[in-house]
Structures are given as C-alpha cells and as structure tokens.
Amino acid sequence: AGLRGPLASALVASLATFLQLLIVIGYVDAAVLSRLWPPVVASAVVLVGVAAAVYRGAGREQPDAAGDITAEPAGRPFALRPALILAAVLVFALLVGRWGADVLGPRGVVLGACAAGLADAHAGSIAAASLAAQGDITTGTALAAIAAALGSNLLVKIALAFTAGGRRFGTAFTAGMAAPALVFAGALTAVLSVG
C-alpha cells in the first residue's frame, strides 16, 4: 500500500550482498578479506541505519487510494534453472577474470569483474579474490575489482528499482543506497591508501 515497507525490504536485501561477500571472500582469500571487511562493515552499518529509518516511517505512511492488494505467491522459493544460471555466471566470471589478467593485466581483471557484476556482484569478486590468492594479481587490484563488481551490480539494482517500482520507488532506492555506497568508496580508498 505504501512505499516505505517495500523500500526497506529492498534495502535489507542489498545488505545480504555485503554479508555474502564477506563470507565468500573469506573462504577464497583471507588477505583480501582482511582489507575488505572495514569498508564492507562500515557501509553495511550505514545501510542498516538507512533501512531502519525507512522502516520506522512505514507505519505512519498512508495507503494508496487503490487499497490493500493481496499478491499471489510468485512460485517455489528454489528453482533449479536460476541456480544453474548463477553457477554458469560464476564460472564465466572466473574465465573472464583469468583471460583479462592474461591479456590486459590488472586492468583486465577489473573490467572483467565490472562486467560480471552486471549479473552478480559475487561472481567478479570471487574471480578477483581467486586470482589474488594464486598470486596472479595484487590484493589492491582484487579490491579494485571487487569495488567494480559491486558498483556495476548497484547500477543494475537501481535500473531494476526504476523498472519494477516506478520513478518514485527508483528514486527513493537510489537515495537510500547513496550513503552506503559513498561510505564504501571512502573506506576502500582509505584502505588502499594505507597500502
């Protein structure tokens, strides 16, 4: 009926990206994780604050004139096809990251991670962390690639917010994600400048 409830849900769903990122990067390369966790945690804390502020206002929001609409369930919570597509995207991202590192050097890894982020933020991030764990790229390059994957994935989320939710929802989602994105960028810049 209102905007704030779905908006808070979309912001919390974006929080899952950060938490999953820490888990998968920790599994792949502890050195990358040791430098990645401060920006991720800082931006996640800001995102929780934004989502909580949006959610608190949901109870005071007036329903639309259309009234209360009950939605039908979308389907099964787990389907084989999307899982296979995600696995294919992850494998493709690993191959593109390796190819990018071989042909274009570190810039190729960042570009490959950015391209993979259009489908899934974790695919390019895992590829970059895997290359760093093998010693093919530096930890700094892996962090830049992870930032590129998260950035391109955020652009896709924003486009989807406008497409699925309309101009008002898309604008609100973009505004809600702005502070966490800026905090992530600032904290990552600080981590990279420390060396």
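If you read the sequence from its start, that first residue is 1, and numbering goes on from there. All heavy atoms count here, side chains included; hydrogens, waters and symmetry mates do not.
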Measure the [atom1]-[atom2] distance between [X] and [Y] for me, rounded to the nearest 0.5 Å.
X      : Y      : atom1 : atom2 : answer
Asp29  : Gln134 : CG    : CD    : 10.0 Å
Ile126 : Leu21  : CD1   : CG    : 8.5 Å
Leu3   : Phe169 : CG    : CZ    : 6.5 Å
Cys114 : Leu155 : SG    : CG    : 8.0 Å
Leu11  : Lys157 : CG    : NZ    : 10.0 Å

Is there a chain of hydrophobic side chains (I, L, V, M, F, W, Y, each step under 4.5 Å between heavy atoms) that links [X] to [Y]?
X      : Y      : value
Val191 : Val46  : yes
Leu192 : Trp37  : yes
Val32  : Leu150 : yes
Leu188 : Val28  : yes
Ile25  : Leu19  : yes

Please table the atom pairs, donor to acceptor, closer than 3.5 Å between any side-chain atom in residues 138-149 and protein atoms at least two apart or in another chain.
unit_1	atom_1	unit_2	atom_2	d
Thr138	OG1	Thr141	N	3.1
Thr138	OG1	Thr141	OG1	3.0

Which atom names give the shortest non-hydrogen contact between [X] and [Y], and what distance separates them?
X      : Y      : answer
Ala187 : Pro39  : CB-CA, 3.6 Å
Ala190 : Ser193 : O-OG, 2.8 Å
Gly26  : Leu33  : CA-CD2, 3.4 Å
Phe18  : Leu47  : CE1-CD2, 3.9 Å
Leu15  : Ala44  : CD1-CB, 3.6 Å
His122 : Thr17  : NE2-O, 3.2 Å

Members besides Val12 in its Ile/Leu/Val/Met/Phe/Trp/Tyr cluster (side-chain heavy atoms under 4.5 Å): none

With heavy-atom distances below 4.5 Å as the criterion, would you say the side chains of Ile158 and Phe162 are in contact? yes

Only pairs under 3.5 Å count here: list side-chain donor-acceptor contacts from residues 170-185, not counting sequence neighbours, and write none if there are none.
unit_1	atom_1	unit_2	atom_2	d
Thr171	OG1	Arg167	O	2.8
Thr174	OG1	Gly170	O	2.8

